[in-house]
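Notes for the one structure printed next.
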Amino acid sequence: MDAVRTANLRAYVDSTPKTGSSESFPASWEKKQLAEERRKRSMMTLMERMDADAEHKQALSQVKDMRQNQENRKALDKMVERMRPTPDLKEPKVVNHDSKALTNDHSRKQNWAPLECY
């Protein structure tokens with residue numbers, strides 16, 4: 001996994017609310033992925049670890065800056081949610097579509113900047 005995805009996972013886990021049990025923690029899959037990355041890091045040589053740490057530190061600072069913006073935060077969270085394995089379906093999935101919407105995001109609320117920016 002590349003440094004940006006790992007940094008995004010770390011930021012996502014840090015931003016999720018903590019619960020009492022580790023089993024009921026909402027980001028348990030993400031924590032397992034981070035543990036796997038730490039295990040891979042332990043197999044590296046010293047110079048490889050130093051390079052990986054420098055990359056990770058830079059990527060983490062970039063991801064934290066990107067997560068300051070609400071739209072970017074939603075996009076990064078969506079990226080993490082797409083990485084998760086899909087649950088097995090036991091029954092058919094029923095999907096409802098809005099007949100008036102032209103696209104999938106047609107009914108999404110737009111966040112506009114203040115008028116003095118235009």
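These numbers come from the heavy atoms of this one structure, side chains and all, not from hydrogens, waters or symmetry mates.
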Next item on the list: Taking side chain to side chain contact (heavy atoms under 4.5 Å, CB included) as the test, write out the residues that go with A52, two or more places apart.
Entry: M44

Next item on the list: Would you sort out whether Y12 and M83 count as a side chain to side chain contact (heavy atoms under 4.5 Å, CB included), showing the intermediate values?
Entry: CA-CA 12 Å; Y12 181 80; M83 288 170 48; over 6 Å; no

Note to self: If the condition is side chain to side chain contact (heavy atoms under 4.5 Å, CB included), which residues does V94 pass it with, not counting sequence neighbours?
What the structure shows: N96

Checklist line | Side chain proximity check, N111 to K109, heavy atoms < 4.5 angstrom | finding: yes

Notebook entry, point to check: Which distance, rounded to the nearest 0.5 Å, do you find between the CG of L76 and the CD of E81?
Noted result: 11.0 Å

Next item on the list: Could you pull out all residues at least two apart from V4 that satisfy side chain to side chain contact (heavy atoms under 4.5 Å, CB included)?
Entry: D2, A59, V63

Margin query: Running the 4.5 Å side-chain criterion over Ile, Leu, Val, Met, Phe, Trp and Tyr, what cluster does M50 land in, apart from itself?
Written below: L46, M47

Notebook entry, point to check: Are M66 and M79 grouped together when hydrophobic residues (ILVMFWY) are joined by side-chain heavy atoms under 4.5 angstrom apart?
Noted result: no

Check: Who passes side-chain hydrogen bond (donor to acceptor under 3.5 Å, both in side chains) against S15, sequence neighbours left out?
Finding: R67

Checklist line | Side chain E48, main chain T45, donor-acceptor under 3.5 Å | finding: yes

Next item on the list: Please step through side chain to side chain contact (heavy atoms under 4.5 Å, CB included) for the pair K40 and E37, ending with a clear verdict.
Entry: CA-CA 5 Å; K40 287 180 184 176; E37 287 298 316; 3.9 Å; yes

Item checked: CG-CG distance between D65 and L60, expressed to the nearest 0.5 angstrom -> 9.5 Å

Note to self: My understanding is that only residues two or more places apart in sequence, or in another chain, count here; which of them pass side chain to side chain contact (heavy atoms under 4.5 Å, CB included) with N69?
What the structure shows: E71, N72

Check: What residues, two or more places apart in sequence or in another chain, satisfy side-chain hydrogen bond (donor to acceptor under 3.5 Å, both in side chains) together with D53?
Finding: R41

Next item on the list: Only counting residues at least two apart or in another chain, list the ones meeting side-chain hydrogen bond (donor to acceptor under 3.5 Å, both in side chains) with E36.
Entry: R39

Note to self: Please enumerate all residues that pass side-chain hydrogen bond (donor to acceptor under 3.5 Å, both in side chains) together with R73, with sequence neighbours excluded.
What the structure shows: none

Item checked: salt bridge (charged side-chain N to carboxylate O under 4.0 Å, His left out) involving R84 - partner list, sequence neighbours excluded -> E30

